[in-house]
Trainee: 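Once you've had a glance at the structure underneath, I'll fire off some questions.
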Amino acid sequence: MSSACSTASDTSSAAVIPPLKTQCSNCNLRDLCLPCGMKPSDVDGLDGLKFSRTKVKAGEALYHEGQTFRNIYAVRIGTFKSSLTLADGREQVSGFQMAGELMGLDGIANGAYASNSTALEDTEVCTIPYDEISGLAAASTGMQQAVSRLMSREIVREHSLMMLLGSMNAEERLAAFLLNLSQRLKLRGYSAGEFHLRMSRAEIGSYLGMKLETVSRTFSAFQQQGILEVDKRHIRILDQAALQRVFDTRVH
């Protein structure tokens, strides 16, 4: 598709694979991604677009802050981080995306992506030309509602981050992060109690507004309390209820 190819030329690392096509109606992520809640007729409209797939290797960028906005992206395989570049050149992590989640919506408002998107492992995404989605939305109330849901999801995510950074201590922030990650993995058919972190301690700290030393110290505290078993990036939740209580202390 021409839109997908033009995006690849803007980013040196994202590799478009034209022969591979996917249809939303038979994708195993359809209940988490764009088609979620749509009528069959609206999903048929998405199938007609036959989105191209794009592969991005670990450590490489899908798009950069300030790059011209053309597409939104649905993660098929792997994990990404979104980040902003601060005035002094430091990176501020603003989110982590996994299979079934969408990226690039921050480019709609001003016609340019407002963040960087970097693969944390070898990944694959569906490249969704925004002009084509907009065309479907103009002709379909269901598609309009779907796009509105996507925007609402972004607003909720931003509010959740503000709550983390504005009112929680270190243990509450890390508990909230791990519980959220656990729930998202469970929705995708993975273990909710044992998983490998794709992001580094430094990236977690940047996202949660914590120093690297504080992140490491908090992981150690949870391990000493018998809540977690930690082996580098491999996490095993030993006491889900206790982890939930750490978070509930602030929420309720």
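Reckoned from all heavy atoms, side chains included, excluding hydrogens, waters and symmetry mates. By convention here, the first residue in the shown sequence is residue 1. None of the values given here were measured: they were computed from a predicted structure.
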Trainee: Apply salt bridge (Lys or Arg N to Asp or Glu O under 4.0 Å) to R233 and list each qualifying residue two or more places apart in sequence or on a separate chain.
Mentor: none
Trainee: With a 3.5 Å distance limit and no angle check, can you tell me whether D122 reaches the backbone of A58 through a side-chain donor-acceptor pair?
Mentor: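 A pair under 3.5 Å: yes.
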Trainee: Once rounded to the nearest 0.5 Å, what's the spacing between atom CG of L62 and atom OG1 of T123?
Mentor: 7.5 Å
Trainee: Only counting residues at least two apart or in another chain, list the ones meeting side chain to side chain donor-acceptor pair (under 3.5 Å) with E194.
Mentor: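 Result, side chain to side chain donor-acceptor pair (under 3.5 Å) vs E194: H234.
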Trainee: When rounded to the nearest 0.5 angstrom, what is the spacing between CG in L238 and CG in L243?
Mentor: 10.5 Å
Trainee: Just by distance, with hydrogens left out, do R173 and N169 show a side-chain donor and acceptor under 3.5 Å apart?
Mentor: no
Trainee: Between atom OG of S83 and atom NE2 of H64, what is the distance when rounded to the nearest 0.5 Å?
Mentor: 10.0 Å
Trainee: Residues in side chain to side chain donor-acceptor pair (under 3.5 Å) with T118, at least two apart?
Mentor: none
Trainee: Might you point out which heavy atoms bring S117 and F80 nearest each other, and give the distance in Å?
Mentor: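 Taking S117 first and F80 second, the nearest heavy atoms are OG-CD2, 3.4 Å.
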Trainee: Output every pair passing salt bridge (charged side-chain N to carboxylate O under 4.0 Å, His left out) with a member in residues 201-215, not counting sequence neighbours, ordered by first then second residue.
Mentor: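 Checked against salt bridge (charged side-chain N to carboxylate O under 4.0 Å, His left out) - neighbours excluded - the pairs reaching residues 201-215 are K81-E203.
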Trainee: CZ of F96 to CG of L120: how many Å apart, nearest 0.5 Å?
Mentor: 6.5 Å
Trainee: Would V125 end up clustered with I108 when hydrophobic side chains under 4.5 Å apart are linked, directly or stepwise?
Mentor: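 Hydrophobic grouping puts V125 with I108.
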Trainee: Step through it carefully: locate the ring centre of F195, locate the ring centre of Y190, and say whether they are under 6.0 Å apart.
Mentor: no
Trainee: May I have all residue pairs that pass ring pair (Phe, Tyr, Trp, His ring centres under 6.0 Å) and include part of residues 125-150, sequence neighbours excluded?
Mentor: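 Every pair satisfying ring pair (Phe, Tyr, Trp, His ring centres under 6.0 Å) with a residue in residues 125-150: F69-Y130.
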Trainee: So which heavy atom on T214 is nearest to which on A170, and how close?
Mentor: CG2-CB, 3.8 Å
Trainee: Within the 3.5 Å criterion, strictly below it, is a donor on E121 or T79 matched to an acceptor on the partner's side chain?
Mentor: yes
Trainee: If we ignore hydrogens and angles and just use 3.5 Å, is the side chain of S206 paired with the main-chain N or O of A202 as donor and acceptor?
Mentor: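 No; judged by distance alone, with no hydrogens or angles, the pair does not exist.
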Trainee: Under the side-chain contact (heavy atoms from CB on, under 4.5 Å) criterion, do E65 and Y113 qualify, and how do the steps go?
Mentor: CA-CA 5 Å; E65 184 178 353; Y113 296 108; 6.0 Å; no
Trainee: Considering all heavy atoms of both residues, which atom of G205 and which atom of V215 are nearest to each other, and what is their separation?
Mentor: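 Of all heavy-atom pairs spanning G205 and V215, the closest is CA-CG2, 3.5 Å.
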Trainee: Apply side-chain contact (heavy atoms from CB on, under 4.5 Å) to L181 and M98, showing your working.
Mentor: CA-CA 10 Å; L181 191 60; M98 60 179 64; 3.4 Å; yes
Trainee: Counting only N and O atoms by type, is there a donor-acceptor contact under 3.5 Å from the side chain of Y63 to the main-chain atoms of G104?
Mentor: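 The answer is yes, because a donor-acceptor pair under 3.5 Å joins these two groups.
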Trainee: Give me the atom names and distance for the closest heavy-atom approach of Q240 to S182.
Mentor: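 Heavy atoms of Q240 and S182 come nearest at NE2-OG, 3.9 Å.
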Trainee: Starting from L105, can I reach L136 by hopping between I/L/V/M/F/W/Y residues whose side chains sit under 4.5 Å apart?
Mentor: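 They do share one cluster, since a chain of ILVMFWY contacts under 4.5 Å joins L136 to L105.
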Trainee: Quick one: list whatever passes side chain to side chain donor-acceptor pair (under 3.5 Å) with R188, sequence neighbours left out.
Mentor: E101
Trainee: Mind listing the closest non-hydrogen atom pair of A242 and I227 along with its distance?
Mentor: CB-CG1, 3.9 Å
Trainee: Is the shortest side-chain heavy-atom distance between F219 and Q224 below 4.5 Å?
Mentor: no
Trainee: Any luck finding a side-chain donor-acceptor pair between Q97 and S82 under 3.5 Å?
Mentor: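 Side-chain D/A pair, Q97 to S82: present.
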Trainee: Any side-chain heavy atom of Q244 sitting closer than 4.5 Å to one from L179?
Mentor: yes
Trainee: Same cluster or not: are L185 and I204 linked, directly or through other Ile, Leu, Val, Met, Phe, Trp or Tyr residues, by side-chain heavy atoms under 4.5 angstrom apart?
Mentor: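 Same cluster: L185 reaches I204 through Ile, Leu, Val, Met, Phe, Trp or Tyr contacts under 4.5 Å.
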Trainee: Can you tell me how far SG of C126 sits from CD1 of I72, rounded to the nearest 0.5 angstrom?
Mentor: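 I72 atom CD1 to C126 atom SG measures 10.5 Å (nearest 0.5 Å).
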Trainee: Is there a path of hydrophobic side-chain contacts, each under 4.5 Å between heavy atoms, that joins M103 and L84?
Mentor: no
Trainee: Do V230 and Y207 sit in the same hydrophobic cluster, where Ile, Leu, Val, Met, Phe, Trp and Tyr count as joined when their side-chain heavy atoms come under 4.5 Å apart?
Mentor: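 Looking at the clustering, Y207 is in the same group as V230.
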Trainee: How close do F222 and E171 get, heavy atom to heavy atom, and via which atoms?
Mentor: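 Between these two residues, the closest heavy atoms are CZ-O, 3.4 Å.
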Trainee: Rounded to the nearest 0.5 Å, how far apart are CG of L208 and CD of E172?
Mentor: 12.0 Å
Trainee: Looking at side-chain heavy atoms only, is the closest gap between T218 and M210 below 4.5 Å?
Mentor: yes
Trainee: Going through the distances and angles, do L102 and I128 end up as a side-chain contact (heavy atoms from CB on, under 4.5 Å)?
Mentor: CA-CA 10 Å; L102 295 162; I128 307 172; 4.2 Å; yes
Trainee: Contact between L174 and F247 at the side-chain level, heavy atoms closer than 4.5 Å - yes or no?
Mentor: no
Trainee: Does a donor on one side chain sit under 3.5 Å from an acceptor on the other, for S52 and T127?
Mentor: no
